[in-house]
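A short write-up of the structure that comes next.
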Amino acid sequence: MLWPVLLRAEQDFFVVLQYHHVSNDAPASTSVRIEQFEQHLSYLADNGFHVLALDDALQAVQQGKPLPNFSVAITFDDSYRSIYEHAYPRLKQRGWPFTVFVNTAPMAEQQPWAIRWEELLEMQANGGLIANHSVSHPHFPRREATDWKPWAREEIRQAGNTIQRHLGNRPTLFAWPYGEYNPMSQSLLQELELTGFGQHAGAVSRYEDFTALPRFAVNQRYANLDTLADKLRAKPMPVQDIHPDNFVLSADNRQPRLDVSMAEEAPPGGWQHALQCFVSGQGMVSPTWLNPNSFRLQAPASLRPGRSRYTCTARDSDGRYFWFSRQWLLPNTDGTWPKE
Ligand SMILES: [Zn+2]
């Protein structure tokens with residue numbers, strides 16, 4: 001494929017924000033407070049960001065068309081009413097598009113905290129794209145069963161059917177619950193012709209796998225504008241090769257090695273000079289360089305059971321950071337999964 005020569009005010013990637021609740025009385029790990037959300041929107045408006053519809057921005061990246069500099073898409077996961085009550089009116093007021101990934105079971109069960117179909121219809125008519133987040137919000141890669149594939153296919157297909165029945169449109173976008181996926185679930189998503197999103201950090205670009213695209217999680221821990229400012233301006237790390245391609249670990253692989261090769265376009269001084277890597281719960285970790293564009297990262301101590309991340313950034317000459325991350329999933333030492 002031919003990639004366009006970009007003008008100064010254009011880029012060939014964009015950043016996706018992932019919110020859950022927008023509410024003053026929800027758990028800090030899955031919410032931002034209403035005033036924090038307002039601050040974020042004001043920051044985007046005051047600092048030259050372009051808030052784009054997720055499907056339009058994706059299409060541009062897939063077709064190699066340029067996007068405006070500082071392009072951002074806003075997404076919400078799960079079928080929480082607080083999205084309709086607190087986020088939607090503020091987005092509508094600004095005329096900004098957004099995407100809501102809904103899991104359909106809580107709506108079918110008419111949970112008191114769940115959003116309603118008529119509310120989704122109203123949002124759909126006012127800039128909201130309603131997308132697929134499965135029926136029951138399962139941990140896809142944790143289930144070991146001979147019927148895995150038919151089960152997983154129905155989780156995704158039925159949610160699509162239900163959304164289509166109520167809203168008239170069949171979603172083409174899907175978000176992995178907990179950002180958990182493995183190669184088997186990725187190939188299923190490909191069969192279903194859906195584009196998938198995880199919850200590892202980074203920018204959406206041609207360097208990423210379209211069955212598990214990165215997003216920046218925003219919650220009360222990460223709502224601070226100092227750290228969010230760098231994420232909103234993040235650039236994609238030009239990754240050419242990653243090994244392994246399965247981030248679900250076996251019980252005896254508790255300090256996984258990750259080998260990453262990058263394209264030659266590098267920040268000033270080269271990758272070796274600029275790259276900084278971090279391991280969840282273990283702080284900064286120095287990578288081992290295999291050659292000037294390839295490094296190996298390995299946690300110095302065992303990862304905790306459950307989800308953890310390797311994250312690398314590198315500051316470019318314009319002050320923006322190249323950003324790369326992957327989320328590991330590790331069972332307990334006896335092979336069982338930690339309770340959540
Ligand atoms: Zn979710």
Side-chain angles (χ1 to χ4, degrees), residues 16-23 26-32 37 54 73-88 98-117 119-120 123 128-143 151-160 162-163 167 171-182 185-186 188-189 192 194-202 204 211-223 247-248 306-309 325-329 337-340:
V16 185
L17 298 181
Q18 180 204 12
Y19 291 93
H20 285 91
H21 283 286
V22 176
S23 167
S29 62
T30 54
S31 73
V32 295
F37 188 70
L54 184 57
I74 297 173
T75 69
F76 303 87
D77 278 17
D78 305 345
S79 18
Y80 298 127
R81 271 208 95 205
S82 73
I83 299 164
Y84 174 77
E85 289 176 316
H86 303 304
Y88 163 61
F98 58 96
T99 298
V100 188
F101 290 96
V102 294
N103 42 319
T104 54
M107 287 184 286
E109 294 157 6
Q110 298 187 307
Q111 297 285 353
W113 49 264
I115 205 160
R116 297 168 193 158
W117 287 108
E119 294 164 344
L120 290 173
M123 291 199 289
L129 180 69
I130 312 305
N132 189 331
H133 198 34
S134 79
V135 174
S136 72
H137 207 274
H139 296 271
F140 278 97
R142 301 193 193 195
R143 181 176 167 122
W151 163 80
R153 187 192 286 119
E154 283 314 293
E155 269 286 342
I156 300 170
R157 259 174 35 89
Q158 275 186 27
T162 305
I163 292 168
L167 305 180
T172 58
L173 309 182
F174 177 80
W176 295 108
Y178 315 97
E180 295 182 5
Y181 58 87
N182 62 9
S185 35
Q186 289 176 280
L188 172 63
L189 210 64
L192 295 170
L194 296 173
T195 298
F197 288 85
Q199 47 190 47
H200 48 284
V204 172
T211 60
L213 291 166
R215 291 187 288 171
F216 284 104
V218 195
N219 54 38
Q220 289 192 39
R221 239 182 96 199
Y222 300 113
F247 306 102
V248 181
R307 292 183 293 277
S308 40
R309 283 176 206 155
S325 173
R326 284 296 179 272
Q327 175 177 276
W328 301 102
L329 185 57
W337 291 105
K339 294 253 181 301
E340 288 197 24

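Note: hydrogens, waters and symmetry copies are ignored here, and every other heavy atom, side chains too, is used. Whatever order the structure lists them in is the order used to number ligands and atoms, beginning at 1.
Side-chain contact check for Phe216 versus Tyr19: every heavy-atom pair is 4.5 Å or farther apart. Using a 4.5 Å heavy-atom threshold, the side chains of Val32 and Val218 count as touching.
Under the 4.0 Å criterion applied to side-chain N and carboxylate O atoms, Glu340 and Arg307 are assigned as salt-bridge partners.
Partners of Thr195 according to the side chain to side chain donor-acceptor pair (under 3.5 Å) rule, which considers only residues two or more places apart in sequence or in another chain, do not exist here.
Distances shorter than 2.8 Å separate the Zn ion (ligand 1) from the protein N/O/S atoms Asp78 OD1, His133 NE2, His137 NE2.
Side chain to side chain, Gln327 and His200 fail the donor-acceptor criterion of an N or O pair below 3.5 Å.
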Derivation and outcome, side chain to side chain donor-acceptor pair (under 3.5 Å), residues His137 and Asp78: CA-CA 8 Å; His137 207 274; Asp78 305 345; 3.1 Å; yes
